[in-house]
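Everything on this sheet refers to the single structure shown next.
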Amino acid sequence: MSDTYDHKEIEAKWRKKWQEDGIYKTEEDSSKPKYYCLDMFPYPSGDGLHVGHPKGYIATDIVSRYKKMNGFNILHPMGWDAFGLPAENYAIKNKIHPRIAVEQNIERFKKQLELLGFNYDWSREINTTDPSYYKWTQWAFIKMFEKGLAYESNEPINWCPSCKTGLANEDVEDGKCERCGTVVEKKPLRQWVLKIREYADRLLSDVEKLDWPESIKESQRNWIGKSEGAEVIFKIKDSDLEVPIYTTRIDTIYSGTFIILAPEHPLIDSLMDKIENSELVEQYRNDVSKIEDKDRTTLEKEKTGVELKGVIAINPATKEEVPVWIADFVLFQYGTGAVFADAHDQRDFDLAKKYNIPLKVSIVPNNEEREDVEKLNTCFEGEGILINSEEFDSLSSAEARPKIIEKLEKEGLAKKATNYKLRDWVFSRQRYWGEPIPIIHCQKCGPVAVPEADLPVKLPEVDSYEPTGTGESPLANISEWVNTKCPKCGGEGKRETNTMPQWAGSSWYYLRFEDNKNDSALVDKEKEKYWSSVDLYVGGAEHATRHLIYARFWHKFLFDIGAVNYDEPFTKLQHVGLINASDGRKMSKRWGNVINPDDIVETLGADTLRVYEMFMGPFDQGVSWSEDGVVGPRRFLEKVWKLKNKISEENNSDEIEKILHKTIKKVSEDISSMSFNTAISQMMILTNALEKEDFVNKENYKTLILLLAPFAPHITEEINIQMGNTEYLCNQKWPEYDLSKIEEKNLKIGVQINGKLRGVIEIEKGFNEDQVKKIVENTPEVVRWLEKKTISKFIYIPEKVISIVISE
RNA sequence: GCCCGGGUGGUGGAAUUGGUAUACACGCACGACUUAAAAUCGUGUCCCUCUGGGAUGCGGGUUCGAUUCCCGCCCCGGGCACCA
């Protein structure tokens, strides 16, 4: 037996053996319960992995090994999300075709992952850029098209002038391109859009049944942004035209003294012949169109607007004639793009004060505080008591709302309405490196889906894959590819040249792992029934409103067309906290603070890296890498290694047995709850205890090795074989604990006097209050506090604490 | 502004159906081994005016007892936001 722990030799040896014996290959086996444990698959960047990337992968590796040892059939796969802008930009920068770059980067990533000893079943590897994969991404798109969920639109969209492509709402952060930080412009562009809004209600309500972190669920609720209110109709005087207005505060309708349209509102064009100051109006609309969205939506900006002179609307409740304004703070994309304005909204209030538009009060907080509001000295935005509201006077806001809707509904002037912030998903990109959208445009038939038999529509080779910037993808230049026949009428057709966004392939990849070689279906329904849903999904919280919404939408659609058996893809989600550099900053080439896992594997070993990353702190919390800290886990593994030399057939003390069984219990529970840090500290406690013994019982040692195996698979496998066992640890049974060995016969209980701990006594389990009291009375360290005092209360909380209250 | 999560030693952190706060690890100090160093092992390590007192962001409250529950704040991280 070699005495030094040579991690390099041991890890290389077992990596090779595991691979040769194919022990991580997963087969369907309906006799066993399944466990599907999934990582968010990476985009294979050119920089390779840094030490933060594997944190989530280590966790799923531990959980899946643990589940396997507990008799589950596990699915733990890995693949590559390789389409999209970053891959393409990397390729352009390095003057290399994206396909080649992706191949190289995948190779590098895979090597790095293999060094860490993961139990991935590589026979199920997938790659979103593989035509046999994106065939099914295209297939799903066609199904959506057939169901009317994919449509063409010409509305102005977010355009990133640097990435030279349109973007979805989700890709814009604070008015900037999420990818490159460039300020996004509005650009009218023909594009493909998916009707994710049709799923808004289900996406929202089903959030409740997910075992996900509350923060992510909350983000999704906010992003979907459901609000309930009413739609009211303001008719335009002397015309057939009317303005539908969405409001959540119909209780303020009696103070609606004017209405405001978004400057983009198309109704304005129909009103042009009535508008007396059309020049001014046009100028305002023009000015607004030039302001970037980001600036337009800052609260600090002073309110501006222009009245549409000559246009009069009728308030449906008061029947009063009210002026019509346009103002840029009214957003065309939200609600109906029009609001009724009153003294109970700060923005309307400010605008009215500035331009001397008449205001009226219809809500007051209560009778005591009504004076200031009524004098219009202040804008009251809250809910309160109605005044000046005919029969609704003296009702509360909440009481009045349904009643006002009811009344106006009878006149056909209002109805209940619901609104969402969620916008439909802008799905086309004017770039090369994505799935071609499988549509053929025909002059006669319009857009026609490519027949299923002709899928995949392969991404053609091009000379230049750089973006054109014109709003056309580079594919538009390949006429032999673009020009084709219409599948419907056989006439001349042109292929759609836009490609899909990066999020397309990742919206359903988890299904493909269940059946990655199927050429006749996206996934076999029987296999899907067995493996789905994903039991544990681990990844970064930054995907809360992008990937995790898109995937849920995509999945619900597949459920609706009968392609899958369940209506949610991920049962349990756990997010992984980032690992920052030791300076607290994000690891980045720019700061020169990147730590490469390969280096740690070389110097300290993969097992040490694994244990350290799990020991650093709570799994879902961010932490900074510590050069000093990483030696702790290394010392721990060395201690475990050295215990080999003390193996004996003799039994250890009851005290050791107790710690051992406690450890089995704690490690089992902590893996299930993903509290890896405390599982490791408990194993450290056991190891420290064993170290102090003269010998270590062989079975006890074996138990420790089994518990540690999911965390540190290499070193434990080596110890296992050195102990004379031939079966791989991952195929062995997880240890069970014996509660009777954990339970204490004697308990140490604290004694509090007036709330302060004054001593600790030892009692036998099951002692009653009198017995306990007797012991207390014979404990000098406690009794000295009781001299010359009266005991007014003696409380014994069984097996927990004694609390004595005394007075002079 | 609204919503979600968090605040504990020099550092990462542990402990919550209300019951002995500071487990485990790092760092540091001292000691053993060594010609010496590294490694390893051992001891100590919340603070103070230390027979005692104080401390889980701050201020109150409930309780025999509060890191845990309630009320009012402060700070940090995240989501949403001229959203009608």
Side-chain angles (χ1 to χ4, degrees), chain A residues 173-174 213-227 229-230 245-250 252 259-260 262 296-301 303 327-331 333-342 344-348 350-351 381 419-421 541-542 544-545 575 577 582 611-612 615-618 620-633 635-636 638-639 642 675 677-688 691-692 747-761 784 792-806:
Chain A
E173 257 173 20
D174 197 23
E214 191 49 42
S215 60
I216 294 196
K217 296 212 275 189
E218 189 63 15
S219 292
Q220 294 220 338
R221 289 185 203 109
N222 284 341
W223 189 260
I224 294 165
K226 182 177 184 172
S227 81
I245 284 174
Y246 175 74
T247 178
T248 54
R249 289 299 303 276
I250 198 154
T252 65
I259 68 173
I260 313 173
R296 187 170 155 183
T297 54
T298 45
L299 285 147
E300 293 79 33
K301 214 179 116 225
K303 302 284 171 280
D328 65 353
F329 67 83
V330 176
L331 304 175
Q333 314 88 276
Y334 188 77
T336 57
V339 299
F340 74 77
D342 56 51
H344 299 294
D345 180 290
Q346 191 68 51
R347 297 156 298 176
D348 303 345
D350 293 345
L351 190 77
E381 290 189 297
N419 234 301
Y420 300 93
K421 285 179 204 160
E542 69 273 16
T545 55
H575 67 235
S582 47
V611 172
Y612 176 56
F615 184 62
M616 289 173 88
D620 60 352
Q621 200 173 296
V623 268
S624 296
W625 185 264
S626 160
E627 293 288 346
D628 289 333
V630 71
V631 304
R635 287 179 192 154
F636 164 58
E638 279 174 7
K639 280 184 198 175
K642 282 185 194 152
S675 313
N677 53 335
T678 48
I680 292 166
S681 80
Q682 184 61 40
M683 287 188 281
M684 286 173 169
I685 290 170
L686 174 62
T687 304
N688 291 343
E691 204 191 17
K692 289 192 172 65
L747 299 168
K748 280 182 180 157
I749 296 246
V751 181
Q752 294 177 355
I753 295 175
N754 282 359
K756 290 207 170 69
L757 185 73
R758 294 306 186 188
V760 177
I761 61 163
R784 50 184 278 251
S792 53
K793 250 183 203 178
F794 185 96
I795 300 164
Y796 172 52
I797 309 293
E799 295 173 33
K800 296 220 164 133
V801 80
I802 295 154
S803 189
I804 302 170
V805 188
I806 56 170

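Reminder, nothing fancy here: chain letters follow the sequence lines and each chain counts from 1.
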Determine the Euclidean distance between corresponding C1' atoms of B/U11 and B/G19; express it in Å to zero decimal places. 30 Å
Nearest listed nucleotide, side chain of A/Val330, among B/A84, B/U20, B/G54: B/A84
The side chain of A/Arg758 is closest to which nucleotide in this list: B/G12, B/G53, B/U20? B/G53
For B/G65 versus B/U16, give the span between their C1' atoms, rounded off to a whole number of Å. 14 Å
Any donor-acceptor pair, under 3.5 Å, between the side chain of A/Lys303 and the base of B/C82, if you only look at N and O atoms? yes
Which of these nucleotides, B/A14, B/C83, B/G79, is closest to any side-chain atom of A/Lys421? B/C83
Of the listed nucleotides (B/A25, B/C82, B/A84), which one gets closest to any side-chain atom of A/Met684? B/A25
Do A/Ser803 and B/C64 have a side chain to base donor-acceptor pair shorter than 3.5 Å? yes
Same-atom distance (C1') from B/U20 to B/C58, integer angstrom: 27 Å
Categorize A/Asn688 for me: base, sugar-phosphate, or nothing, with a 4.0 angstrom heavy-atom threshold over every strand shown. sugar-phosphate
Could you work out the separation of B/A39 and B/C30 based on their P atoms and round it to a whole Å? 15 Å
Looking at B/A29, which nucleotide sits across from it as a Watson-Crick or G-U wobble partner, both distances under 3.5 angstrom, or is there none? B/U43
Between B/G18 and B/U67, how far apart are the two P atoms, rounded to whole Å? 13 Å
B/G5 glycosidic torsion: syn (within 90° of 0) vs anti: anti
Nearest whole Å is fine: how far is B/C83 C1' from A/Arg249 CZ? 14 Å
Suppose you measure atom P in B/A14 against the same atom in B/G7; what distance do you get, rounded to whole Å? 9 Å
Of all the nucleotides listed (B/C80, B/A23, B/G12), which has the minimum atom distance to the side chain of A/Thr545? B/C80
